[in-house]
2 protein chains.
Amino acid sequence: MREGPDIARIASLVGDPARANMLSALMGGTALTASELALEAGVSLPTASSHLSKLMEGGLLTLASQGRHRYYGLAGPQVAGMIEAITGVAASVGPQRVRPGPRDAAMRVARVCYDHLAGEQAVAMLDRLVEREIILRDDQEIRLGPSAASHFAAIGIDVDAKPRRPVCRACLDWSVRRSHLAGTLGAVILDKILAEKWARREKDSRAVIFSPPGKQAFEKVFLA
Amino acid sequence: MREGPDIARIASLVGDPARANMLSALMGGTALTASELALEAGVSLPTASSHLSKLMEGGLLTLASQGRHRYYGLAGPQVAGMIEAITGVAASVGPQRVRPGPRDAAMRVARVCYDHLAGEQAVAMLDRLVEREIILRDDQEIRLGPSAASHFAAIGIDVDAKPRRPVCRACLDWSVRRSHLAGTLGAVILDKILAEKWARREKDSRAVIFSPPGKQAFEKVFLA
DNA sequence: CGCATAGTTCGTTCCTCATCGAAGCATTCT
DNA sequence: AGAATGCTTCGATGAGGAACGAACTATGCG
């Protein structure tokens with residue numbers, strides 16, 4: 001018999017369709033209420049509540065109570081990373097859809113992945129960064145190139161700040177089946193996109209909608 | 001309702017204790033037969049067989065038939081990475097054991113993690129490589145330093161070969177709760193340790209046992 | 001204070017799925 | 001060929017747990 005961490009316990013928490021849907025929804029990065037998650041998962045409120053307490057007990061979620069609202073969010077980047085890893089496997093071994101990826105066109109173009117940008121736009125951005133050697137890639141592994149600091153400084157992003165998470169990480173995009181940029185740098189870039197109002201988040205969805213001028217500005221900075 | 005890859009399907013495969021034990025056993029990197037896995041998981045042969053066909057159907061395993069033996073192995077690094085990610089979450093949120101980690105002392109010192117070395121020995125090695133700036137670390141992210149190529153060339157390891165996997169990856173050690181070296185480099189180093197006969201693999205276990213002279217040689221090369 | 005909204009707890013129903021023994025196939029050894 | 005080993009399939013059993021309605025608690029609003 002095996003020793004070690006109880007991986008079956010964690011995996012079985014993710015292994016229920018309702019809970020998996022909830023966790024996927026929370027990959028949008030924003031905390032949601034029990035009712036929103038119930039809707040998202042397609043179950044009744046009592047059922048959702050039961051699932052949420054299990055996820056809480058399992059340590060996968062955090063809870064922020066504000067008045068009569070209770071906002072549930074992912075417990076942290078490690079949990080988000082695990083969901084990403086599972087999603088990656090599911091995407092690559094899963095029953096191949098005829099049209100892979102999200103059905104919603106907007107979702108395929110650009111969406112939020114926990115705290116960074118995903119979708120065609122994000123994949124194109126990473127491709128271009130690699131092409132310009134601002135980011136160096138050895139297959140799945142990516143890292144900052146020598147010119148990264150000055151390049152990002154020019155657009156107001158400090159890559160030298162040393163946070164607790166990797167600055168620069170690859171994350172497999174399940175709609176495009178290629179990598180996009182995650183890590184702190186990915187998060188900061190998404191922040192910038194939203195702060196500059198180049199794009200807005202679709203309500204109750206992970207989709208990110210670029211305005212026509214915003215798309216131009218984004219392309220000028222990241223795809224030029 | 002959500003779209004996208006069926007993550008619940010994959011997670012629920014890992015979510016059964018018997019299957020989780022099998023997958024953990026296969027993290028040892030060597031393919032095992034159905035009977036070995038049944039023993040490992042603590043279930044009867046028919047039960048194990050049923051689980052194995054589910055894991056096969058889910059695409060998590062590969063099968064190599066040799067005569068009347070059928071060897072099951074993890075389907076690839078992506079699957080191994082997913083198991084690692086789940087193990088990491090389970091280790092950090094799980095019920096903290098009074099004495100964390102493997103019960104077996106040898107396992108805590110050094111063991112195999114899919115294809116690379118884990119345990120105290122491995123954590124010490126990575127620490128030392130970082131200290132000598134052969135490998136650079138930004139918290140969880142690690143990468144090769146400028147002197148890496150020449151340093152590893154001196155001990156007969158070519159880090160410039162570009163394989164399909166990241167050369168250098170961090171992997172959270174669940175017994176020590178700190179990172180050790182994974183990726184191709186980690187795999188090559190483990191190969192070297194075994195090829196030089198510095199250590200041998202314990203039969204039917206992930207434990208790696210260093211011989212006294214082997215330990216000295218290893219420490220001279222990697223911990224000096 | 002009552003009424004509405006947000007959420008949890010309780011109890012019941014129901015169904016999936018893990019489990020094992022027995023029997024069936026396949027491969028190798030003698 | 002016959003026996004032994006390795007593994008899978010079948011069928012029956014049983015337990016865990018997902019689901020919901022109804023009742024209960026808590027917060028906010030007039």
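We use all heavy atoms of the structure for the numbers below, so side chains are in, but hydrogens, waters and symmetry mates are not. A note on names: the letters A, B, ... follow the listed sequences, proteins ahead of strands, and every chain is numbered from 1.
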Whole Å only: how far is the [atom1] atom of [X] from the [atom2] atom of [N]?
| X | N | atom1 | atom2 | value |
| --- | --- | --- | --- | --- |
| B/Glu36 | D/dT5 | CD | P | 17 Å |
| A/His69 | D/dT27 | NE2 | P | 13 Å |
| A/Leu45 | D/dG21 | CG | C1' | 13 Å |
| B/Leu52 | D/dT9 | CG | C1' | 14 Å |
| B/Arg70 | D/dT5 | CZ | C1' | 15 Å |
| A/Leu55 | D/dG17 | CG | P | 14 Å |

Please tell me if the side chains of A/Glu84 and A/Met27 come closer than 4.5 Å, counting only heavy atoms from C-beta onward. yes
Between B/Met22 and B/Leu52, is any pair of side-chain heavy atoms under 4.5 Å apart?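 Of all side-chain heavy-atom pairs linking B/Leu52 with B/Met22, at least one is under 4.5 Å.
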With a non-hydrogen cut-off below 4.0 angstrom, is B/Tyr71 in contact with a base, only sugar-phosphate, or nothing? nothing
At under 4.0 Å between heavy atoms, what does A/Ser53 touch on the DNA or RNA strands: base, sugar-phosphate, or nothing? nothing
Relative to the 5' end of DNA chain C, which residue comes earlier, A/Ala48 or A/Arg68, by the nucleotide with the nearest heavy atom?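 Checking each residue's closest nucleotide, the 5'-ward one belongs to A/Arg68.
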Start and end of chain B contact along DNA chain C [non-hydrogen atoms, under 4.0 Å]: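 Footprint of chain B along DNA chain C, 5' to 3': C/dA18 to C/dT28.
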Compute whether any side-chain donor of one residue and acceptor of the other, for A/Glu36 and A/Thr33, lie under 3.5 angstrom apart. yes
Any luck finding a side-chain donor-acceptor pair between B/Thr47 and B/Ser44 under 3.5 Å? yes
For the NZ atom on B/Lys215, are there more than 12 heavy atoms of other groups (residues, nucleotides or ligands in this structure) within a distance under 6.0 Å?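 No, NZ of B/Lys215 has 12 or fewer neighbouring heavy atoms, counting only those of other groups under 6.0 Å.
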Is it the case that atom CD in A/Glu196 sees more than 12 heavy atoms from other parts of the structure closer than 6.0 Å?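 Yes, because the 6.0 Å sphere around CD of A/Glu196 holds more than 12 heavy atoms from other groups.
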By nearest-nucleotide position on DNA chain D, the 5'-leaning member of A/Ser12 and A/Pro46 is A/Ser12
Judged by each residue's nearest nucleotide on DNA chain D, which is more toward the 5′ side, B/Leu63 or A/Ser50?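 Nearer the 5' end of the strand: B/Leu63.
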Side-chain N or O of A/Ser44 closer than 4.0 Å to phosphate OP1/OP2 of D/dC20: yes
With a 4.0 Å limit, can you tell me whether A/Lys54 has a side-chain N or O closer than that to the phosphate oxygens OP1/OP2 of D/dG17?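 Result: no.
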Parallel, tilted or perpendicular: which fits the ring planes of A/Phe218 and A/Phe222, with parallel below 30° and perpendicular above 60°? tilted
